[in-house]
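Structure, as structure tokens:
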Amino acid sequence: MENITAGKSLKVAVLISGSGSNLQAIIDESAAGRLDVEIVLVVSSRPDAYGIKRAQAAGIPTLVMCKEDYANAQAANERIAKACKEAAAEYLVMAGYMRMVLPPVLDAYPNKVINLHPALLPSFKGAHAIQDAFDAGVKVTGVTVHLANEDYDKGPIIAQRALAVEEGWSIDDLEEAIHAIEHKLYPEVLALVAAGRVKVTPDGKTAIAQGA
């Protein structure tokens, strides 16, 4: 099995498109000494994303993209991959990043692009997973952390956490509960990756090695 990483502080670039609340969760856990991860770059697909302010407040360098940059998606992905490599990022962490990553990024970081999805994949793929789950009236949904590949929302799953949907919840209630899980689960998974415990098996799936 391929050990995804091992040893010292894990250097990551975080890709965002919006508020950056999961970025903040990673920043906070790292600052508190509970997560051995260093964010070396934040990439935003939008210049008005609030997550940029979070990065700046934490002293993290940023690469800010705009809609026009993505007119040539290949070139945009080449630019992102180059910036992440120059920042010495070992992993890319997608946290509410609303653009699909393409081969220039995936080839630069094979099995090292991690994504967070607000549903229990393979259910409710796509950009509106929370709303779709709510509209379907499901009694259980949750959060998935997986490796990204060229198949949208189909990469190998690292971890999932279920959420029982309570009677009478509004969409806002569901979103709040989903985000609360995200803010805990994502740092937990990154801690496993930083400790070298997440492995890719020959069949393309993931396995979590036992800790020391």
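What you are looking at is a predicted structure, and each value in this text was computed from that prediction instead of being measured.
Heavy-atom minimum distance, Ser21 versus His183: OG-NE2, 3.0 Å. The two residues Gly155 and Asn149 make their nearest non-hydrogen contact at CA-ND2, 3.4 Å. Nearest approach of Ala76 to Tyr70, heavy atoms of both residues: CB-CD2, 3.8 Å. For the residue pair Pro110 and Asp107, the shortest heavy atom distance occurs at CD-O, 3.4 Å. The nearest pair of heavy atoms linking Met94 to Ala148 is SD-CB, 4.1 Å. Tyr152 approaches Ala127 most closely through the heavy-atom pair OH-N, 4.3 Å.
Two residues are said to be in side-chain contact when any heavy atoms from C-beta on lie closer than 4.5 Å; Ile114 and Leu190 meet this criterion. Two residues are said to be in side-chain contact when any heavy atoms from C-beta on lie closer than 4.5 Å; Leu147 and Val198 fail this criterion. The shortest side-chain heavy-atom distance between Gln74 and Pro104 falls under the 4.5 Å cut-off. No side-chain heavy atom of Arg46 sits under 4.5 Å from any side-chain heavy atom of Met98. No side-chain heavy atom of Val143 sits under 4.5 Å from any side-chain heavy atom of Gln160. Counting heavy atoms from C-beta outward, Ile130 and His179 have side chains that approach closer than 4.5 Å. Inter-residue side-chain proximity for Arg79 and Leu63 is flagged as met; some heavy-atom pair is nearer than 4.5 Å. Residues Val140 and Leu120 are in side-chain contact: their nearest non-hydrogen atoms beyond the backbone lie under 4.5 Å apart.
Follow the hydrophobic side-chain contacts under 4.5 Å out from Val193 and you never reach Ile157; the two are in separate clusters. Taking hydrophobic clusters as Ile, Leu, Val, Met, Phe, Trp and Tyr residues chained together by side-chain heavy-atom distances below 4.5 Å, Ile52 does not share a cluster with Leu41. Residues Val43 and Val64 fall into different hydrophobic clusters, defined by Ile, Leu, Val, Met, Phe, Trp and Tyr side chains chained together at heavy-atom separations under 4.5 Å. Linking Ile, Leu, Val, Met, Phe, Trp and Tyr residues whenever their side-chain heavy atoms come within less than 4.5 Å leaves Val12 and Leu92 in two separate clusters. No single ILVMFWY cluster, assembled from side-chain heavy atoms under 4.5 Å apart, contains both Met100 and Leu121.
Under the 4.0 Å criterion applied to side-chain N and carboxylate O atoms, Glu29 and Arg34 are assigned as salt-bridge partners. Checked for salt-bridge contact, Glu86 and Lys82 meet the test: a charged N lies under 4.0 Å from a carboxylate O.
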Please lay out, stage by stage, how Thr141 and Leu174 fare under the test side chain to side chain contact (heavy atoms under 4.5 Å, CB included).
CA-CA 9 Å; Thr141 183; Leu174 180 57; 4.0 Å; yes
Stepwise, does the side chain to side chain contact (heavy atoms under 4.5 Å, CB included) test hold for Ile27 with Ile60?
CA-CA 10 Å; Ile27 291 172; Ile60 302 169; 3.9 Å; yes
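Residue pairs meeting the salt bridge (charged side-chain N to carboxylate O under 4.0 Å, His left out) criterion with at least one partner in residues 139-152, sequence neighbours excluded, are Lys139-Glu167. For residues 171-190, the pairs satisfying salt bridge (charged side-chain N to carboxylate O under 4.0 Å, His left out) are Arg161-Glu188, with sequence neighbours left out.
A distance-only check finds no donor-acceptor pair linking the side chain of Tyr186 to the backbone of Ala95 [under 3.5 Å]. With hydrogens and angles disregarded, a donor-acceptor distance shorter than 3.5 Å links the side chain of His117 to the backbone of Phe124. Formation of a donor-acceptor pair under 3.5 Å by the Asn77 side chain with backbone atoms of Leu102 is found in this model. The backbone N or O of Ser45 sits nowhere less than 3.5 Å from a side-chain atom of Ser17 that would complete a donor-acceptor pair. Formation of a donor-acceptor pair under 3.5 Å by the Arg197 side chain with backbone atoms of Ala191 is not found in this model. Proximity of a side-chain donor or acceptor of Asp28 to a complementary backbone N or O of Ala25 within less than 3.5 Å is not detected.
For the atom pair CG of Asp69 and CZ of Arg99, the computed distance is 9.0 Å after rounding to the nearest 0.5 Å. Distance check: Tyr97 OH to Ile80 CD1 gives 3.5 Å after rounding to the nearest 0.5 Å. To the nearest 0.5 Å, the span separating CG on Asp48 from NZ on Lys53 amounts to 10.0 Å. Taking CG of Leu10 as the reference point, atom NZ of Lys112 lies at 9.0 Å (rounded to 0.5 Å). Note that CD1 of Ile208 is 6.5 Å distant from CD1 of Ile158, once rounded to the nearest 0.5 Å. Summarising the geometry, atom CG belonging to Leu116 is positioned 5.0 Å from atom CG belonging to Asn22; distances are rounded to the nearest 0.5 Å.
Applying the side-chain hydrogen bond (donor to acceptor under 3.5 Å, both in side chains) test to Glu166 and every residue at least two apart in sequence or in another chain returns nothing.
Counting non-hydrogen atoms of neighbouring residues, nucleotides and ligands closer than 6.0 angstrom, the NZ atom of Lys125 exceeds 12 such neighbours.
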